[in-house]
Amino acid sequence: MNKYYVLDTNVLLHSPQSLFAFNEHTVIIPEVVLEELDRFKSESSDRGANSREVSRILDRFRTQGNLLTGVALSEQGGGLRIET
């Protein structure tokens, strides 16, 4: 059974790799989280570095398809989607 996990800003700022923690499920990132992450990108702290890493990861997924409709997260059947 495919479950849905909504990741918030704090989770992604703490660990960008948390995007991959739910390989067999659907990960949803609300659009407001992306806006909040953008605010931290210019910081020279760990928070800024992690924000930039999340952005790079999402850019790689954008090459696979439309993040608004969803892309494959893993071969285990999971997906990633941006919720507007």
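Cluster membership for Leu68 and Tyr4, using ILVMFWY side-chain heavy atoms within less than 4.5 angstrom, is not shared. Residue Tyr5 is grouped with residue Phe20 when hydrophobic side chains (ILVMFWY) are merged at heavy-atom distances under 4.5 angstrom, including chains of intermediate members. Residue Ile28 is not grouped with residue Leu7 when hydrophobic side chains (ILVMFWY) are merged at heavy-atom distances under 4.5 angstrom, including chains of intermediate members.
Heavy-atom contacts from other residues, nucleotides or ligands closer than 6.0 Å to CG of Asn66 number more than 12. Within a 6.0 Å radius of CD in Glu75, other residues, nucleotides and ligands contribute 12 heavy atoms or fewer.
Within the 4.5 Å cutoff, no side-chain heavy atoms of Asp8 are placed close to those of Glu36. Side chains of Glu35 and Asp38 form no contact here, defined as non-hydrogen atoms less than 4.5 Å apart.
When all heavy atoms of Ser18 and Ser15 are compared, the closest pair comes out as OG-O, 2.7 Å. Gln17 and Ile57 make their closest contact through NE2-CD1, 3.9 Å (heavy atoms, listed as atom of the first residue, atom of the second, distance). Closest heavy-atom contact between Leu73 and Phe22: CD2-O, 4.0 Å. Smallest separation of non-hydrogen atoms from Leu58 and Leu34: CD1-CD2, 3.4 Å. Residues His14 and Asn50 share a closest heavy-atom pair of O-ND2, 3.6 Å. Annotation for Pro16 and Glu53: closest pair CB-CG, 3.7 Å, computed over non-hydrogen atoms.
Using a 4.0 Å cut-off between charged side-chain N and carboxylate O, Arg62 and Asp59 make a salt bridge.
The OG1 atom of Thr26 sits 9.0 Å away from the CG atom of Leu80 when rounded to the nearest 0.5 Å. To the nearest 0.5 Å, atoms CZ (Arg47) and CG (Asn10) are separated by 9.5 Å.
Looking at Ser55 and Lys41, their side chains do bring a donor and an acceptor atom within 3.5 Å of each other.
Within the 3.5 Å criterion, the main-chain N or O of Phe40 finds no donor-acceptor partner in the side chain of Ser51.
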| field | Step-by-step side chain to side chain contact (heavy atoms under 4.5 Å, CB included) determination, Leu19 to Ile29 | value | CA-CA 9 Å; Leu19 283 168; Ile29 302 174; 3.5 Å; yes
